[in-house]
Novice: 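The structure's right below; bear with me while I get my questions together.
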Amino acid sequence: MKLVSEHLNGVRLFQLDVFGDHRGFFIESFNERKWREMGFTESFIQDNHSYSAEAGVLRGLHYQLNPKAQTKLVRVTSGAIYDVVVDIRTGSPTYGQWAGFILSSANKRVLYVPKGFAHGFCTLVPKTEVQYKVDEGFSPELDRGILWSDTELQIDWPTNKPILSDKDGRHPELSCAEMNFQWGEDA
Ligand SMILES: Cc1cn([C@H]2C[C@H](O)[C@@H](COP(=O)(O)OP(=O)(O)O[C@H]3O[C@H](C)C(=O)[C@H](O)[C@H]3O)O2)c(=O)[nH]c1=O
C-alpha cells in the first residue's frame, strides 16, 4: 500500500499493490505490520461491507461522536463511488471543508478517514460494494448526520437526485454550523 496524496490535515489516499498474473490478481488489502511501520496507531476492530444495487445511492454524511468517533479505511471491491469527507474537528484550519475521491474496484485505492470527519459516498455504477475497517464499534446513540445537500458545504455530488435512506433524507439533528459546538463539546 503506497501513499498517493494527503488532504485536509489527515485524510490520506493510498494505492494498493496489485500482484497480477495470467489468473488475475492478488492484493494484501490490509497488513497490520506494514500499517504500524507506516506509523499508524489505530487498531481496527470491525469490518463493514455495504452493497448498493443502483448508481446514485448516497450513504451519508455520517459520523459518531466521541468517545465512539471512528477512523475508517475505505475501499471498493465492486463498482465505483464518489467518496466524500468533511472536516468537523473544532479548531481545525480546514474545519468545514470537504474533499471528494473516486474509489473503485478498478483503481484499487484506499481512503484513510481519521476521527473528526463526516463520511459519505455516492455510487457511480450499479452493484457497488464498499468494504471498510473501523476502529470503534457502531454506536446508534452517538451516530450523527449532516444532510448530503447541506447548503454551507455545497458538495459537488455526481447526482442531485440520489437514492437515500429515510435517515439520510431527514434533516440532521444538527446543521453544519451547530456541529462545531457538538463536536467541540466531546472532542
Ligand atoms: C454502520 C452500521 C450499521 N449497522 C446497521 C444499522 C442499520 O440497521 C443498518 C444500516 O445502517 P445505515 O443505514 O446507517 O448504513 P449506511 O447508510 O451504509 O451507513 C454508513 O454510511 C457511511 C458511508 C458511513 O461512513 C458509516 O460507516 C455508516 O453510517 O446496519 C450495524 O449494525 N453496524 C454498523 O456499523
Side-chain angles (χ1 to χ4, degrees), residues 7-8 10-14 29-30 40 42-89 92 94 96-105 107 109-150 153 155-176 179 182-183 186:
H7 306 262
L8 303 180
V11 175
R12 293 176 174 84
L13 183 65
F14 291 100
S29 49
F30 181 77
F40 291 98
E42 290 89 352
S43 295
F44 294 109
I45 61 162
Q46 178 176 310
D47 283 343
N48 294 334
H49 180 174
S50 70
Y51 169 78
S52 300
E54 303 298 334
V57 169
L58 196 158
R59 298 172 182 259
L61 296 149
H62 304 154
Y63 63 97
Q64 293 187 166
L65 293 176
N66 285 332
K68 300 295 278 182
Q70 295 174 314
T71 304
K72 298 170 185 168
L73 201 58
V74 187
R75 70 188 186 107
V76 172
T77 51
S78 175
I81 63 173
Y82 184 65
D83 198 292
V84 171
V85 294
V86 181
D87 188 351
I88 56 173
R89 297 168 300 183
S92 166
T94 49
Q97 293 184 30
W98 65 273
F101 307 86
I102 291 180
L103 304 179
S104 69
S105 56
N107 71 18
R109 290 192 157 180
V110 179
L111 191 66
Y112 169 79
V113 185
K115 298 175 192 293
F117 284 80
H119 177 245
F121 62 79
C122 181
T123 60
L124 300 174
V125 296
K127 299 179 183 169
T128 287
E129 302 198 42
V130 180
Q131 322 244 359
Y132 51 107
K133 293 180 168 307
V134 293
D135 65 346
E136 283 290 348
F138 183 47
S139 173
E141 63 281 358
L142 293 177
D143 193 31
R144 295 292 186 275
I146 306 171
L147 194 63
W148 67 278
S149 55
D150 184 282
L153 294 174
I155 294 171
D156 187 19
W157 295 107
T159 175
N160 56 17
K161 290 191 171 57
I163 300 166
L164 301 166
S165 65
D166 292 345
K167 175 179 81 170
D168 290 345
R170 283 199 308 268
H171 285 284
E173 300 84 348
L174 292 170
S175 72
C176 194
M179 190 139 42
Q182 182 79 33
W183 176 256
D186 300 296

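It should be emphasised that the depicted structure is a prediction, and the values quoted were computed from it without experimental measurement. We count ligands from 1, going down the list as the structure has it; atoms in each ligand are counted the same way.
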Novice: Can you confirm whether some protein heavy atom lies under 4.0 Å from atom 18 (O) of ligand 1, or whether none does?
Specialist: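 Within 4.0 Å: yes, protein heavy atom nearby.
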Novice: Drop me the distance from Gln46's CD to Phe138's CZ, to the nearest 0.5 angstrom.
Specialist: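 Here the interatomic distance stands at 9.0 Å.
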Novice: Check contact between Tyr63 and ligand 1, using heavy atoms of the residue and a distance below 4.0 angstrom.
Specialist: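 It does not, in that no heavy atom of Tyr63 comes within the 4.0 Å cut-off of ligand 1.
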Novice: Would Ser165 count as a polar contact of ligand 1, with the cut-off being nitrogen or oxygen pairs under 3.5 Å?
Specialist: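 By distance alone, the answer is no.
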Novice: Assess whether side-chain hydrogen bond (donor to acceptor under 3.5 Å, both in side chains) is satisfied between Thr77 and Gln131, documenting all intermediate values.
Specialist: CA-CA 7 Å; Thr77 51; Gln131 322 244 359; 3.0 Å; yes
Novice: For atom 21 (O) of ligand 1, find the nearest protein heavy atom and state the residue, atom name and distance (0.1 Å precision).
Specialist: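 Atom 21 (O) of ligand 1 sits closest to the protein heavy atom His62 ND1, 3.1 Å.
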Novice: Which bit of Arg59 gets closer than 4.0 Å to ligand 1, counting heavy atoms only: side chain, backbone, both or neither?
Specialist: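 For Arg59, the contact with ligand 1 is made by both the backbone and the side chain.
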Novice: Heavy-atom contacts with Tyr132 under 4.0 Å: which atoms of ligand 1 show up? List them by number with element.
Specialist: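 Numbered from 1, ligand 1 contributes 20 (C), 24 (C), 26 (C), 27 (O), 28 (C).
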Novice: Would Tyr132 and Gln70 count as a side-chain contact (heavy atoms from CB on, under 4.5 Å) here? Give the steps.
Specialist: CA-CA 11 Å; Tyr132 51 107; Gln70 295 174 314; over 6 Å; no
Novice: With a 4.0 Å cut-off on heavy atoms, does Lys72 reach ligand 1?
Specialist: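 A heavy atom of Lys72 does come that close to ligand 1.
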Novice: Taking the side chain as everything from C-beta on, heavy atoms only, tell me whether Tyr51 gets closer than 4.5 Å to Lys127.
Specialist: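 The answer is yes, as the side chains (C-beta and beyond) meet within the 4.5 Å cut-off.
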Novice: Considering the heavy atoms of Phe121, write down every atom of ligand 1 situated less than 4.0 Å from one of them.
Specialist: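 Listed by number with element, the hits are 23 (C).
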Novice: Heavy-atom distance to atom 33 (N) of ligand 1: which of Phe117, Tyr51, Phe138 wins?
Specialist: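 Ranked by closest heavy atom to atom 33 (N) of ligand 1, first place is Phe138.
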Novice: Just jot down the ligand 1 atoms closer than 4.0 angstrom to any heavy atom of Lys167, in number order.
Specialist: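 Matching atoms, with element in brackets: 14 (O).
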Novice: Considering all protein heavy atoms, does one lie under 4.0 Å from atom 4 (N) of ligand 1?
Specialist: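 Yes, there is one.
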Novice: Looking at atom 7 (C) of ligand 1, tell me if a protein heavy atom falls under 4.0 Å from it.
Specialist: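 No.
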Novice: Could you grab the distance from atom CZ of Phe30 to atom NZ of Lys133, nearest 0.5 Å is fine?
Specialist: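 Between Phe30 CZ and Lys133 NZ, I get 6.0 Å after rounding to 0.5 Å.
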Novice: Mind checking the CG-CZ spacing from Leu58 to Phe121? Nearest 0.5 Å is all I need.
Specialist: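 So the CG of Leu58 and the CZ of Phe121 are separated by 8.5 Å.
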Novice: Side chains of Lys167 and Asp143: closer than 4.5 Å at any heavy-atom pair?
Specialist: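 With C-beta onward as the side chain, the pair touches.
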Novice: Output yes when the distance from some N or O of ligand 1 to some N or O of His119 is under 3.5 Å, and no in every other case.
Specialist: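 Among all N and O atoms of His119, at least one is under 3.5 Å from an N or O of ligand 1.
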Novice: Checking Val130 against Asp83 for the side-chain contact (heavy atoms from CB on, under 4.5 Å) test, could you report, in this order, the C-alpha distance in whole Å, the side-chain angles of both residues, the deciding distance, and whether it holds?
Specialist: CA-CA 10 Å; Val130 180; Asp83 198 292; 5.6 Å; no
Novice: Would you say atom 10 (C) of ligand 1 makes contact with the protein, given that contact here means a non-hydrogen protein atom less than 4.0 Å away?
Specialist: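 No, no protein heavy atom sits under 4.0 Å from atom 10 (C) of ligand 1.
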Novice: To the nearest 0.5 Å, what is the distance between CZ on Arg12 and CG on Leu111?
Specialist: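 Here the rounded value is 11.0 Å.
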Novice: Would the number of heavy atoms belonging to other residues, nucleotides or ligands and lying under 6.0 Å from CD1 of Ile102 be above 12?
Specialist: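 No, not enclosed.
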Novice: Can you find an N or O of Gln46 that's nearer than 3.5 Å to an N or O of ligand 1?
Specialist: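 Among all N and O atoms of Gln46, at least one is under 3.5 Å from an N or O of ligand 1.
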